[in-house]
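Input: a single structure, listed below in structure tokens.
First listed ligand is number 1; within each ligand, the first listed atom is number 1.
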Amino acid sequence: MIKINENFLKLQAGYLFPEISRRVNTFKDQNPQADVIKLGIGDVTKPLVPAIVEAMKSAVDDMGTAEGFHGYGPEQGYGFLAERIIECDYKSRGVSLDKSEIFISDGSKCDTGNLQEIFGTDNVVAVQDPVYPVYVDTNVMAGRTGQAGKDGKYEGIVYMPCTAENGFAPELPSEQVDMIYLCYPNNPTGSVADKASLKKWVDFARDNKALILFDAAYETFIQDDSIPHSIYEIEGADEVAIEFRSFSKSAGFTGVRCAFTVVPHKLKAYKSSGEPVEVNPIWNRRHCTKFNGVSYVTQKGAEAAYTPEGQKQIQEVVQYYMNNAAVIRESLSGLGYSVYGGENAPYVWLSTKDGMSSWEFFDLLLEKAHLVGTPGAGFGAAGEGYFRLSAFNELDTVKEAMRRIAKIS
Ligand code: MLT
């Protein structure tokens, strides 16, 4: 008799974004004339920048020649891309890394979801609440939790509330935790962590032999120079942290797929005997077994993101989205909403009014304003009463969305 992995049966309803799509599609079936504006899932809308397009075209040409053809590449990614990453993303910020510490992949969703596999199932997981659902769901699948309660929280996970009251900065856990997921700039709240708060986490992880899984997928959107882009800007972080980076939002690669994960050689996990084990070769072993590398054409495109023209063109797109975020922030503040984020992140986080629940506000916006956002409760119990709007869209569309909210507010 074939047995199911019952951990999967603990998962609640659908994954957040497909669930939103389902509701939107139902609405559209019933209202085919409605012009629905989407500021929900953080999917980019601007085309790839010319420097990347040219590099990818030229890589396709390479592939059509005997000399330039590439079959299977290194599972960890090509050296040419790893070198640019080290030079431009890290060395420029005083962080030195070796190529063998970089693992190029097809996305941070996969990386943040897959990485937990190499750690014991008896580790205690701590997450910010609200949280990007992938961190929680993949740990449920792995069996690191019990059942979900009525509030949607899984038994065994330590939820660290991030609310307006604590400035969206979670307290250090008072219990032993082993795998701490931190996302900065934060999805969904748009908050950022300064050096002092990241140092607090690094010190905590060092003192408790814990691991920080640091998701920096939105670092390109940081506008404030004092905010670190990498956790490795904090001394000692390379002993306790894995960092995830992505080209999805920075270079418009949501449909191209390229990201990378940094696993420093200094990082150790422990056997049950207490003996330390280097994590990097274990992740390398797992990565090479289950993954065949990102295509040559894609990695050539990603490499072009680091050329001076690529950087300039990407920054223009980033500033375009950040201007959208400013428009959203100003419009909503003017309508009396409490608004957070959107200054160093492409997400604006707002409190609903009059005690309206996140999903009630979602339905109201969809039905009365034909506007899609993301209900805060979909990211966790502490997201109830909040709502996320993404800055990824055309400026005119964003302005129209704000006019529609004004009409129903
Ligand atoms: C989001 O909207 O939270 C993100 O687009 C989801 C993702 O990057 O997978």
Query raised in the report: How about Tyr296 and Phe69: are their ring centres within less than 6.0 Å of each other?
Result: no
Query raised in the report: Between Asn166 (side chain) and Phe168 (backbone), is there a donor-acceptor pair under 3.5 Å?
Result: yes
Contacts under 3.5 angstrom, residues 233-244 side chains, donor-acceptor by atom type, not counting sequence neighbours:
| from | atom 1 | to | atom 2 | distance (Å) |
| --- | --- | --- | --- | --- |
| Glu233 | OE2 | His229 | N | 2.7 |
| Glu233 | OE2 | Ser230 | N | 3.0 |
| Asp238 | OD2 | Lys266 | NZ | 3.4 |
| Glu239 | OE1 | Arg206 | NE | 3.3 |
| Glu239 | OE1 | Arg206 | NH2 | 3.2 |
| Glu239 | OE2 | Arg206 | NH2 | 3.4 |
| Glu243 | OE1 | Ser230 | OG | 3.0 |
| Glu243 | OE1 | Ile231 | N | 2.7 |
| Glu243 | OE2 | Tyr90 | OH | 2.6 |
| Glu243 | OE2 | Ser230 | OG | 3.2 |
| Glu243 | OE2 | Arg245 | NE | 3.1 |
| Glu243 | OE2 | Arg245 | NH2 | 3.3 |

Report summary line: Counting only non-hydrogen atoms and a 4.0 Å cut-off, the residues near ligand 1 are Phe17, Ile41, Gly42, Tyr132, Asn187, Tyr218, Lys249, Tyr347, Arg388
Query raised in the report: Are Tyr132 and Phe379 close enough that their ring centres sit under 6.0 Å apart?
Result: no
Query raised in the report: Among His70, Lys57, Met63, which one satisfies side-chain contact (heavy atoms from CB on, under 4.5 Å) with Val297?
Result: Met63
**Report entry** Partner of Leu389 under side-chain contact (heavy atoms from CB on, under 4.5 Å), chosen from Asn324, Ile405, Val398
**Finding:** Ile405
